[in-house]
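For reference, the structure discussed in these notes is given below.
Treat the numbers as computed from the prediction; the structure is a model and nothing was measured. Computed over heavy atoms, backbone and side chain alike; hydrogens, waters and symmetry mates excluded. Below, chains carry the letters A, B, ... as their sequence lines are ordered, and counting in each starts from 1.
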2 protein chains.
Amino acid sequence: MIYSSELIKGTLKTIILKLLRDNPRMYGYEMTQRVKELTGNKIQLTEGALYPTLHALEADGILQTESEFIGKRVRKYYSLTPKGKTKGEEKISELADFLETMKFLIGMNTQLIN
Amino acid sequence: MIYSSELIKGTLKTIILKLLRDNPRMYGYEMTQRVKELTGNKIQLTEGALYPTLHALEADGILQTESEFIGKRVRKYYSLTPKGKTKGEEKISELADFLETMKFLIGMNTQLIN
DNA sequence: CAATTATACATCGGAATCTTATGTATATGC
DNA sequence: GCATATACATAAGATTCCGATGTATAATTG
């Protein structure tokens, strides 16, 4: 089962920031593979969503890049800037909080007894 | 603290279905108030998002409505159709599953040690 | 060794979803 | 009487993602 795409919306940035908090640097394709492997194929980051988001985060000063040649092929490594580290912590704890709230909402009985 | 809007994206439909699974019927404004109260103001459903979504779910045969006059004012009650009950269970368990997966992703160390 | 699959980047049109603003109207509280 | 709460609705615009497409190199496999 793969989650409907609408659920992934809004979490992509935070997932990227989380990966780069734990790892000194990663490249795009590697991120898709890692997330796929960590979630047992439940979350598949599509390239059409990932690369534009990486570019946006870089333009925002949250990520920085260094390109390396692997044979004849370019590989673009991303890492957090100092600003990105701060932003990352914020986003991650916001998401953690959100997950708890949603879990509570979904798990409880929302019926109102008057 | 109110969650950044991007996080709410994708969960609205499921929240509505969850509310209507627990309650025989609810009207739009009531949903905004209930969610606000249940989440301690952390999730605020905006009307501009809620009403079009309710209309879409109705057009999809997932919700049905009955209008009532409260004084001179119309109040539009929504409830789940049989199809909506099935869809609701699916969406709710998908979201619960997604929340677990995301919690795992956020909570663990995603570093790869080779 | 040819063909397929995996790796690795990128962009773009279109779809879906939400925000902000605006509009209308009645009811309530002070 | 005036502000706030209740209650619906729509519409333009922004954001964000998907699916498709493109390019190219590397590795695997029959």
Spacing of B:Glu30 atom CD relative to D:dA5 atom P, expressed in whole Å: 18 Å
side-chain N/O A:His55 vs C:dC9 OP1/OP2, d < 4.0 Å: no
Between C:dC18 (C1') and B:Ile15 (CD1): distance, integer Å: 13 Å
Whole angstrom value for the distance that separates P of C:dT28 from CD1 of B:Ile70: 11 Å
Flag side-chain contact, heavy atom, 4.5 Å: B:Glu6 against A:Thr11: no
Nearest-angstrom distance from the residue atom CE of B:Met31 to C1' of D:dC8: 13 Å
Atom pair distance, as rounded to whole Å: CZ in B:Arg75 and C1' in D:dA5: 12 Å
B:Tyr78 and B:Leu57, any side-chain heavy atoms less than 4.5 Å apart: no
Heavy-atom check, side chain of B:Arg34 versus side chain of B:Met26, under 4.5 Å: yes
Phosphate OP1/OP2 of C:dA10 contacted by A:Tyr51 side-chain N/O (<4.0 Å): no
A:Tyr27 side-chain N/O to C:dA8 phosphate OP1/OP2 under 4.0 Å: yes
Distance in angstrom units between B:Tyr77 OH and D:dA7 P, rounded: 8 Å
Donor-acceptor pair under 3.5 Å, B:Arg73 side chain vs D:dT6 base: yes
Find every protein N or O atom lying less than 3.5 Å from an N or O atom of nucleotides 15-20 of chain D, and list the pairs.
residue, atom, partner, partner atom, Å
D:dT16, OP1, B:Glu6, OE1, 3.1
D:dC17, OP1, A:Gly10, N, 3.0
D:dC18, OP2, A:Thr46, OG1, 2.8

Close side-chain approach of B:Glu68 to B:Val74, heavy-atom, < 4.5 Å: no
Side chains of A:Lys36 and A:Thr32 in contact at under 4.5 Å (non-hydrogen atoms): no
Side-chain donor-acceptor pair present, A:Thr101, B:Tyr3, cut-off under 3.5 Å: yes
Any side-chain heavy-atom pair of B:Phe104 and A:Thr39 under 4.5 Å: no
Whole-Å gap separating P (D:dC8) and OH (B:Tyr78): 7 Å
